[in-house]
Amino acid sequence: MHRRLHSTRRQFLGLAGGAAVAGAVPVVTLRPAEATPAMLASAIRLVVGDAVVRPGKVKLDVPPLVENGNTVPLTVSVDNPMTPENHVKSIHVFNEKNPQPNVGNFYLGLNAGRPQVSTRIRLADSQKITAIAKLSDGSFWSASVDIIVTLAACTEEVI
Amino acid sequence: MAAALINIPKKAKRGDIIEIKTLMSHIMETGYRHTASGEIVPRDIITSFTCRYNGAEIFRADLFPAIAANPFISFFTTATESGKFEFEWIGDNGFSETASASITVE
């Protein structure tokens, strides 16, 4: 279980759910080798603004244990209808410890029918993935998943 | 054009929710890797993906270096009328690719 220790070596700033966007976030001037929880929080703030992000509605489908961080299947679905009055406008995926906090932004059309997207992502370390959905009424909902990665991606040497 | 793979149903009933799967061959170089001599390998990624259904945008995505090489994106839409899906990928260093697929809606 030494991987677990490894994944918590960084101070965890209690970013869960809506608490992530409360309060001002200091600007990071030097880019560290890994995104920091503060960078994650500011990336989320760029998307949601001052809105409160509530946990729920969003489902993150991703393997909890990943052998190869270079390609990790990821599916985000939102438990919400797609009607003109009440629909999902966009889905945003963030990570905690890649060099950059953003993974992808997905903007759905009104006729999407099912608010769900799949892609394959890279993970540089064992970390937390957060997905946030924006609804037509302006509310934001989120889900987070912890993933353990045994072979990291992104920053290895090119041979 | 062999760079893109598109998977959509050829036929659908009006009102059916269909899945659209796309794959574009691309290295998606993150810009965070370095060679053995310590030089940074410059970033080369696809930054934007758009899908249009008979001219109207139905899906758009912003991609970042955290998207795996050969970006795979799948999403859903409602089959409303026969016609054409057009896909467009835009990226660093002037990268631009398009693809299209037709659907018959009954």
Side-chain angles (χ1 to χ4, degrees), chain A residues 31-35 43 46-47 66 68-78 82-83 87-124 127 129 152-159, chain B residues 7 12 14-24 26-43 45-81 85 105:
Chain A
R31 190 165 64 188
E34 295 178 349
L46 272 181
V47 170
V66 173
N68 186 349
N70 278 303
T71 169
V72 183
L74 168 91
T75 297
V76 184
S77 51
V78 187
M82 287 300 281
T83 59
H87 56 271
V88 179
K89 284 186 109 80
S90 57
I91 294 172
H92 308 267
V93 182
F94 302 94
N95 71 82
E96 198 180 14
K97 289 182 182 170
N98 281 4
Q100 250 180 288
N102 294 85
V103 175
N105 302 323
F106 306 93
Y107 304 91
L108 310 185
L110 200 52
N111 277 331
R114 188 179 305 169
Q116 178 180 327
V117 294
S118 302
T119 186
R120 293 179 193 141
I121 67 168
R122 289 181 171 128
L123 293 173
Q127 56 182 302
I129 299 293
C154 297
T155 45
E156 79 275 27
E157 263 188 13
V158 181
I159 303 158
Chain B
N7 187 337
R14 197 173 303 275
D16 274 0
I17 295 172
I18 56 167
E19 183 173 18
I20 299 171
K21 296 179 186 169
T22 68
L23 191 127
M24 167 54 71
H26 194 282
I27 181 172
M28 292 295 279
E29 183 60 57
T30 61
Y32 295 104
R33 300 199 302 162
H34 48 83
T35 59
S37 54
E39 293 161 58
I40 293 279
V41 181
R43 191 184 92 162
I45 66 164
I46 294 174
T47 50
S48 149
F49 167 76
T50 315
C51 174
R52 292 183 195 85
Y53 184 13
N54 289 336
E57 181 181 298
I58 57 161
F59 182 84
R60 182 164 57 87
D62 303 328
L63 309 186
F64 293 88
I67 299 290
N70 305 323
F72 164 82
I73 301 172
S74 93
F75 52 95
F76 292 83
T77 196
T78 310
T80 51
E81 55 187 327
F85 288 99
V105 177

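Numbered from 1 within each chain, the chains take letters A, B, ... in sequence-line order.
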Please state whether the side chain, the backbone, both or neither of [X] comes within less than 4.5 Å of a heavy atom of chain A.
X	value
B/Ala69	both
B/Ile20	neither
B/Thr80	side chain

Nearest-0.5 Å distance, [atom1] of residue [X] to [atom2] of residue [Y]:
X	Y	atom1	atom2	result
B/Thr78	B/Arg14	OG1	CZ	12.5 Å
A/Gln116	A/Ile91	CD	CD1	8.5 Å
B/Phe75	A/Tyr107	CZ	OH	15.0 Å

Checklist entry - Do you see a donor-acceptor pair shorter than 3.5 Å between the side chains of B/Ser74 and B/Glu19? => result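 Note: B/Ser74 and B/Glu19 side chains meet the donor-acceptor criterion.
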Checklist entry - Under a 4.5 Å heavy-atom cutoff, which of B/Ile58, B/Leu63, B/Ile67, B/Ile73 has the most pairs with chain A? => result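 Among the listed options, the one with the most contacts to chain A is B/Ile67.
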Checklist entry - Most heavy-atom pairs under 4.5 angstrom with chain B, which of A/Val117, A/Asn102, A/Thr71? => result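 Ranked by heavy-atom pairs under 4.5 Å with chain B, first place is A/Asn102.
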Item to check | Among A/Thr75, A/Asn105, A/Thr119, residue most engaged with chain B (heavy-atom pairs, under 4.5 Å) | outcome: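 So the answer, after comparing A/Thr75, A/Asn105, A/Thr119, is A/Asn105.
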Next on the checklist: Strictly distance-based, threshold 3.5 Å: is any side-chain N or O of A/Asn95 a donor or acceptor partner for the main-chain N or O of A/Lys97?
Outcome noted: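 Yes.
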